[in-house]
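Report on one structure; see the data block that follows.
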Amino acid sequence: MAQAEDNNAEEFSAVVARHRPRIFRFLLSSTRDVDLAETLTQDCFLKAHRNWSSFRGESSAMTWLMRIAINLQKDHWRNRRMQFWRHTQSNAVPLDEASEWLPSGERSVEQQLMAKERVRQVSKAVEGLSERQRTVFLMRYVEEAELSEIARATGLSEGTVKAHLSRAVARVRAELGGKR
Amino acid sequence: MISMDKFKGNKTQPRQLRTLDVQNSELDQALTDFRSSIHAWSDAAFNRPRTAIAAVAPRPVWRLALSLALGCVLVAASASAGLWERHQQEMKRAAIRLAEQQRLVAQQRDMRERQARQVDQESEDLLAKVDSDVSREVPLAMEPLAQLMVEDETP
């Protein structure tokens, strides 16, 4: 009995070590708020720990964790909308902030500036997406998830995921095209 | 055994997937840059030094209400105790005043009675003196008659 509990604890520790950076990254890209992303990441793993024994492994641990993270994020925005008068100030960083982190690579200065501008435009388009479209878009183009994985994590059908993704990409394309 | 696979296609497939999705090299490049910047930002934020801050739980509403109620009870009890003490002192003062009045009334009554007794005594003394004077002025001729009256009064 004690041996089984030890194994469970070790297994969960491995899951945390392996997936925490990804969950944090997804939540950071969704919220653009480092503190909020950290809080939601901790909540996600706390919830996962409480329910670890009920996780049967029908999907991958990452998909399961992503599903928890998406639900926590939804709850957060819902609470925030209901209590807007208590949270008038957002800690979300400006759109330019994310583009500042773009690795320079072997580009010229001009190319770097253009790349930063493109990232800023994509960030702006992503900010304008609906919650569901944003989740699907970020999972696909930041986390590079398969459509089937996105469908399992969001609880949507693959067809619906494709539709959301198509609309999101169209919006990003329009943002990029409109600025030229 | 629980599967701990990551999402499939992390490093090699994404570019093909994106090409299938968007079919636009400029858009593809923009999305790649966007992903790179998010990854770099996330790595920097995830690895930044953190300071631990002790969490202070907000006071529950019921505790605030209880504190307020207890405060009200204390204030009311203090006010009541003060009023009670004052009332008790007033009662004592009234009792002392009443006792003083009763004592004065009794004193005045005694004085009046003493004066009345004194007046009565003086009247009796005066009458006795008059009797004595009158009896002394009885003529000698009436002496035998007076003696007879004294004898008649004796049983």
Distance-minimising heavy-atom pair for L28(A) and A45(B): CD2-CB, 4.3 Å
Exercise: identify the closest heavy-atom pair between R32(A) and W41(B): CA-CH2, 3.7 Å
Part of F137(A) lying under 4.5 Å from any heavy atom of chain B: side chain
Closest non-hydrogen atom pair between E26(B) and R118(A), with its separation: O-CD, 4.5 Å
So if you build clusters from Ile, Leu, Val, Met, Phe, Trp, Tyr with side-chain heavy-atom gaps below 4.5 Å, do M114(A) and V122(A) land together? no
Rounded distance (nearest 0.5 Å) linking atom CD of E175(A) with atom CG of L27(B): 12.0 Å
Are L70(B) and W62(B) connected in a single hydrophobic cluster, I mean Ile/Leu/Val/Met/Phe/Trp/Tyr linked by side-chain heavy atoms less than 4.5 Å apart? yes
For P21(A) and S42(B) the tightest heavy-atom approach is O-OG, 4.2 Å
Take atom CD of Q89(B) as the centre, draw a 6.0 Å sphere, and report whether it contains more than 12 heavy atoms from other residues, nucleotides or ligands. yes
Could you tell me which non-hydrogen atom of V119(A) sits nearest to which non-hydrogen atom of F34(B), and how far apart they are? CG2-N, 3.7 Å
To the nearest 0.5 Å, what is the distance between CD (E144(A)) and NE2 (H39(B))? 6.0 Å
Taking 4.0 angstrom as the limit, do D35(A) and R48(B) come out as a salt bridge? yes
Contact summary for R25(A) and I38(B), nearest pair of heavy atoms: CG-CG2, 4.0 Å
